[in-house]
Amino acid sequence: MLEFFRADPAEFDVVFVANATAGIKLVMDSFRAEDGFVYAYHKDSHNSLIGVREVALKSRCLDDNAIEQSITSGSSLLPGRTEGELQLYAYPAQSNFDGRRLPLSWCHGLRGGQVNRHVLLDAAALVSTSQLDLSNAETAPDFTVVSFNKIFGFPDLGALLVRKSTGDILRRRKYFGGGTVEVVVALESEQWHIPRTEILHESLEDGTLAIHNIMALDTAMKVHKELFDNL
């Protein structure tokens with residue numbers, strides 16, 4: 001599946017989720033753990049990205065000019081922030097209002113080499129009609145959400161694509177469920193757990209996955225390749 005988006009498995013991991021919105025919520029839950037985060041989002045974002053502002057410490061809605069000026073000048077899009085605050089920038093690869101495609105180059109520019117600055121890309125609309133190329137891990141978004149039903153029609157399944165170099169931040173979330181932990185102790189006198197840490201997606205995929213949908217995804221990608229690879 002990573003190869004479908006030209007993403008090197010050595011550089012990226014994939015977390016299967018119900019849909020793009022579920023992937024966004026997973027990122028949000030991880031970022032709001034501990035001390036919280038500040039948030040900036042593009043005005044053409046889907047409701048699922050806009051809703052993240054409700055749990056952020058501070059948020060700001062942006063237009064194209066604000067983003068491009070910030071990238072050019074190297075200034076923060078979140079004035080008044082405290083030094084060291086965790087920052088999340090989010091935008092759609094394709095506008096949910098008019099279908100306009102926004103520059104994927106913003107991902108690298110928005111990070112600006114800052115270790116506490118991360119980019120979430122909503123690619124659900126874009127991938128329905130265009131190839132998403134994540135072959136350059138250095139310029140790719142930290143987190144990318146997609147919905148496979150918007151590409152193939154079936155299965156009803158989504159994914160969160162994560163750059164491994166920034167994936168550890170997702171381990172901050174407090175909730176654990178299903179097979180995301182190695183050991184759980186739940187006694188009246190003692191309560192602790194050991195999370196899975198060796199493989200990123202194993203620590204994030206709560207409960208039983210949609211096994212049949214994942215199996216169907218393999219068939220969908222094969223059919224897609226047969227239809228379109230020679231065009």
Side-chain angles (χ1 to χ4, degrees), residues 1-28 41-42 44-50 52 64 67-68 71 88-111 118-167 170 200-201 204-205 210 213-214 216-231:
M1 195 283 289
L2 287 171
E3 291 175 356
F4 182 82
F5 297 111
R6 301 174 182 169
D8 184 351
E11 301 284 353
F12 291 87
D13 201 351
V14 54
V15 182
F16 285 112
V17 291
N19 46 46
T21 296
I24 292 168
K25 291 180 70 176
L26 178 56
V27 174
M28 177 193 71
Y41 60 95
H42 193 275
D44 284 3
S45 295
H46 186 276
N47 288 347
S48 300
L49 282 184
I50 298 173
V52 176
D64 290 14
I67 292 177
E68 290 171 354
I71 291 174
L88 180 62
Y89 297 86
Y91 74 97
Q94 181 171 305
S95 170
N96 287 279
F97 290 96
D98 57 18
R100 181 174 59 93
R101 293 177 180 176
L102 284 67
L104 296 181
S105 60
W106 282 354
C107 295
H108 185 251
L110 285 170
R111 270 200 303 273
H118 303 275
V119 178
L120 167 60
L121 182 72
D122 177 5
L126 175 71
V127 296
S128 63
T129 58
S130 180
Q131 172 73 50
L132 176 64
D133 187 347
L134 300 177
S135 56
N136 188 337
E138 291 302 315
T139 60
D142 297 291
F143 315 105
T144 305
V145 292
V146 297
S147 287
F148 294 112
N149 63 298
K150 293 183 179 179
I151 306 174
F152 311 116
F154 182 83
D156 298 325
L157 184 70
L160 170 65
L161 311 178
V162 183
R163 283 205 317 152
K164 289 183 177 180
S165 60
T166 56
L170 299 183
L200 180 63
H201 67 260
L204 298 172
E205 292 172 335
N213 281 346
I214 295 174
L217 175 61
D218 183 59
T219 301
M221 290 189 295
K222 287 179 180 178
V223 172
H224 187 278
K225 183 176 182 179
E226 293 172 1
L227 289 174
F228 298 110
D229 267 15
N230 294 323
L231 294 181

Check: Heavy atoms, side chains only, cut-off 4.5 Å: are Asn96 and Leu49 in contact?
Finding: no
Notebook entry, point to check: With side chains defined as the heavy atoms from C-beta onward, is the minimum distance between Leu121 and Tyr91 less than 4.5 Å?
Noted result: yes
Item checked: Closest non-hydrogen atom pair between Lys150 and Ala124, with its separation -> CD-O, 3.8 Å
Margin query: Within a 6.0 Å radius of atom CD on Glu3, are there more than 12 heavy atoms belonging to other residues, nucleotides or ligands?
Written below: no
Notebook entry, point to check: Minimum heavy-atom separation for Val14 to Ala159, with atom names?
Noted result: CG2-CB, 3.8 Å
Notebook entry, point to check: For Gln94, which residues count as a side chain to side chain contact (heavy atoms under 4.5 Å, CB included) partner, sequence neighbours excluded?
Noted result: Arg101, Ala125, Leu126, Thr129
Notebook entry, point to check: Where is the tightest heavy-atom contact between Pro92 and His42, given as atom of each residue plus distance?
Noted result: CD-CB, 4.0 Å
Checklist line | Residues in side chain to side chain contact (heavy atoms under 4.5 Å, CB included) contact with Asn149, at least two apart in sequence or another chain | finding: Ser147, Asp156
Check: Of all heavy-atom pairs between Ala123 and Ala93, which one has the smallest distance, and what is that distance?
Finding: CA-CB, 4.2 Å
Next item on the list: First locate atom CG of Leu120, then atom OH of Tyr41, and finally report the distance between them rounded to the nearest 0.5 Å.
Entry: 14.0 Å
Next item on the list: Before accepting this row, confirm whether a basic side-chain N of the pair Asp133/Arg6 lies closer than 4.0 Å to the acidic partner's carboxylate O.
Entry: yes
Margin query: If you compare all heavy atoms of Val17 against all heavy atoms of Gly23, which two are closest, and at what distance to 0.1 Å?
Written below: CG2-N, 3.9 Å
Note to self: Looking at every non-hydrogen atom in both residues, tell me the closest pair between Ser48 and Val52 and how far apart they are.
What the structure shows: O-CG2, 3.6 Å
Notebook entry, point to check: Knowing that exactly one of Val145, Thr144, Leu102 qualifies, which makes a side chain to side chain contact (heavy atoms under 4.5 Å, CB included) with Asp122?
Noted result: Val145
Check: Taking atom OG1 of Thr21 and atom NZ of Lys25, what is their separation to the nearest 0.5 Å?
Finding: 8.5 Å
Checklist line | Atom pair CZ/CG of Phe12 and Leu134 - distance to nearest 0.5 Å | finding: 5.0 Å
Note to self: With rounding to the nearest 0.5 angstrom, report the CZ to CD distance, Phe5 to Gln131.
What the structure shows: 7.5 Å
Checklist line | Value rounded to 0.5 Å, distance of CD1 in Ile24 from CG in Leu160 | finding: 9.5 Å
Next item on the list: Report the residues that fulfil side chain to side chain contact (heavy atoms under 4.5 Å, CB included) with Ile214, sequence neighbours left out, ordered by chain and then residue number.
Entry: Phe16, Leu157, Leu209
Item checked: Steps toward side-chain contact (heavy atoms from CB on, under 4.5 Å) verdict (Asn213, Phe148) -> CA-CA 10 Å; Asn213 281 346; Phe148 294 112; over 6 Å; no
Checklist line | Qualifying residues under side chain to side chain donor-acceptor pair (under 3.5 Å), relative to Ser128, sequence neighbours excluded | finding: none
Checklist line | Ser165: partners by side chain to side chain donor-acceptor pair (under 3.5 Å), with sequence neighbours left out | finding: none
Notebook entry, point to check: Distance-only, no hydrogens or angles: does the Arg111 side chain make a donor-acceptor pair with backbone N or O of Val119 under 3.5 Å?
Noted result: no
Next item on the list: Output the distance between atom CG (Leu161) and atom CG (Asp142), rounded to the nearest 0.5 Å.
Entry: 12.0 Å
Item checked: Validation row, ring centre Phe152 to ring centre Phe4 under 6.0 Å -> yes
Next item on the list: Would you please name every residue forming a side chain to side chain contact (heavy atoms under 4.5 Å, CB included) with Pro103, sequence neighbours left out?
Entry: Ser105, Trp106
Checklist line | Heavy-atom check, side chain of Asp44 versus side chain of Asp64, under 4.5 Å | finding: no
Note to self: Apply side-chain contact (heavy atoms from CB on, under 4.5 Å) to residues Tyr89 and Ile67 and explain how you reach the verdict.
What the structure shows: CA-CA 10 Å; Tyr89 297 86; Ile67 292 177; over 6 Å; no
